[in-house]
2 protein chains.
Amino acid sequence: MPTVSSEELAAAAGVNSAKLRKDFSYLGSYGTRGVGYDVEYLVYQISRELGLTQDWPVVIVGIGNLGAALANYGGFASRGFRVAALIDADPAMAGKPVAGIPVQHTDDLEKIIQDNGVSIGVIATPAGAAQPVCDRLVAAGVTSILNFAPTVLTVPDGVDVRKVDLSIELQILAFHEQRKAGEDHGGTVPPAAAHQEPGEQGPDGDVPAVMPA
Amino acid sequence: MPTVSSEELAAAAGVNSAKLRKDFSYLGSYGTRGVGYDVEYLVYQISRELGLTQDWPVVIVGIGNLGAALANYGGFASRGFRVAALIDADPAMAGKPVAGIPVQHTDDLEKIIQDNGVSIGVIATPAGAAQPVCDRLVAAGVTSILNFAPTVLTVPDGVDVRKVDLSIELQILAFHEQRKAGEDHGGTVPPAAAHQEPGEQGPDGDVPAVMPA
DNA sequence: ATGTCTTTGTGAACGCGTGCACAAAGATGG
DNA sequence: CCATCTTTGTGCACGCGTTCACAAAGACAT
């Protein structure tokens with residue numbers, strides 16, 4: 001029986017072994033003292049806890065470059081996700097196969113959701129279309145939404161939304177890059193600096209509230 | 001002079017006002033007691049600290065669906081990023097414009113990096129190509145890499161890598177979705193993972209630290 | 001069986017980040 | 001010029017998560 005100790009796992013993951021054991025203990029007592037954890041059993045238990053053993057049908061709405069990239073992404077299937085349908089507002093896309101799945105028109109959104117028992121939707125539309133699409137998804141029974149559109153979605157209570165902003169990761173890299181350069185970030189305030197930069201803010205001038213780690 | 005108080009900002013962001021003030025204080029004393037913070041000045045100072053006022057030339061390697069989606073993503077330009085070049089290994093892509101930028105061949109990678117003074121690279125290639133591309137980027141002087149390929153990259157010290165796994169966000173949604181179903185499987189989970197603050201839409205949510213491969 | 005050895009599971013201490021509460025600073029009005 | 005009011009900046013205390021350290025549990029050898 002192949003096993004691993006918490007010490008080995010902790011070293012591999014770069015975390016503290018006691019924390020790892022305590023985390024595992026929340027899932028139950030799956031280890032054997034003096035031996036460690038049965039690898040296969042542990043993987044199954046964690047997978048189950050995380051919901052990876054279930055089959056999650058998802059729909060992707062907005063089959064542009066990003067939607068197509070997501071449809072082709074191999075990581076989904078191996079993580080328990082099944083692309084139940086691709087949906088786009090462009091009639092010219094209808095029937096066209098992307099990643100082997102025929103694109104369907106937005107008109108049929110509600111029926112597609114209900115027929116497939118979909119509870120997770122991915123929005124990869126342009127910003128303007130995101131909220132209406134979101135509303136229709138929710139009305140059709142979707143309770144979790146992954147939003148790639150650059151908009152903050154408004155949803156009723158009980159619906160989860162996660163927003164993916166592809167530029168945030170770049171910002172974090174740039175932040176560290178800036179520090180590598182040895183930029184001084186001291187307390188000296190450039191006089192009247194604010195008045196030298198009148199514009200600078202785009203349509204969404206929102207700044208991350210928290211410093212990247 | 002338009003101003004905001006820490007109280008207003010905290011309410012808008014859903015955080016504690018004292019924490020917000022303390023965070024700001026690390027950047028310097030930019031507020032006026034009895035008045036608040038000069039909006040324009042504050043935006044500038046935060047932008048500067050985060051590196052948003054600098055111009056960061058980036059290259060995107062691998063112009064498939066995802067690379068094209070990134071090239072077309074409007075959020076980059078408004079955050080201080082400039083797509084200096086698109087690079088692909090397919091000779092048929094060479095010269096073809098994507099998002100108004102002609103795709104260049106991988107052969108010229110080193111020259112492109114050096115000519116444009118690029119220090120940030122984005123990898124959107126298939127998994128197999130990612131590490132070789134990464135090595136060439138690093139050798140050419142890139143010190144920050146954003147990796148969309150489903151591979152863990154090995155880099156020398158001093159080089160930052162951030163890996164974006166598009167399925168992780170879906171996993172988090174599925175995790176919460178599973179809990180909504182009210183399933184009882186005998187185990188408990190640390191409170192941090194148990195719920196997501198409503199209104200929070202981002203990748204800063206809570207995920208269990210250990211994922212099965 | 002009995003003892004030794006390994007590793008888990010967890011109580012307790014520690015450290016750090018968060019939030020409270022208030023003095024200091026500046027605005028504003030009399 | 002003084003009084004009052006608002007809001008910042010921050011010392012301090014509290015709470016929570018991380019880490020330490022060890023008893024308990026089981027494997028394994030003799």
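So you know, we letter chains A, B, ... as the sequences are listed, proteins then strands, and number each from 1. Values below: all heavy atoms of this structure, side chains included; hydrogens, waters and symmetry mates excluded.
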Base, backbone or nothing for each nucleotide of nucleotides 25-30 of chain C, written B, S, -, heavy atoms under 4.0 angstrom, 5' to 3'?
B-S---
For B/Ser5 and D/dT7, is the shortest distance between a side-chain N/O and OP1 or OP2 below 4.0 Å?
no
Nearest-Å distance, OH (A/Tyr26) to C1' (C/dT10)?
10 Å
Taken in chain and number order and not counting sequence neighbours, the residues that satisfy side chain to side chain contact (heavy atoms under 4.5 Å, CB included) with A/Thr53 are A/Tyr44, A/Ser47, A/Arg48
Would the base of D/dT19 count as contacting A/Lys22 through its side chain, where contact means a donor and an acceptor less than 3.5 Å apart?
yes
Applying side chain to side chain donor-acceptor pair (under 3.5 Å) to B/Glu7 and not counting sequence neighbours gives B/Ser17
In whole angstrom, give the distance that lies between atom NZ of B/Lys19 and atom P of C/dG17.
10 Å
Taking side chain to side chain donor-acceptor pair (under 3.5 Å) as the definition, give me every residue that meets it alongside A/Thr106, ordered by chain and number, with sequence neighbours left out.
none
Kindly list each side-chain donor-acceptor pair under 3.5 angstrom involving residues 64-74 of chain A, sequence neighbours excluded, with atom names and distances?
residue	atom	partner	partner atom	Å
A/Asn72	ND2	A/Ala68	O	2.9
A/Tyr73	OH	B/Asp165	OD1	3.1

Whole angstroms only, please: what is the CG-P distance between B/Asp38 and D/dT8?
13 Å
Taking side-chain contact (heavy atoms from CB on, under 4.5 Å) as the criterion, tell me which of A/Ile113, A/Leu109, A/Val83 meets it with A/Val59.
A/Ile113
Do any side-chain nitrogens or oxygens of A/Ser6 fall under 4.0 Å of OP1 or OP2 in C/dT8?
yes
Within this structure, what is the OH-to-P distance between A/Tyr30 and C/dT10, rounded to whole angstrom?
13 Å
Does anything in residues 116-153 of chain B pair up under ring pair (Phe, Tyr, Trp, His ring centres under 6.0 Å), and if so which pairs, sequence neighbours excluded?
none
Roughly, in whole Å, what's the span from CG in A/Asn16 to C1' in C/dT10?
13 Å
Name the nucleic acid region contacted by B/Ser17, choosing base, sugar-phosphate or nothing; use a 4.0 angstrom heavy-atom cut-off, strictly under.
nothing
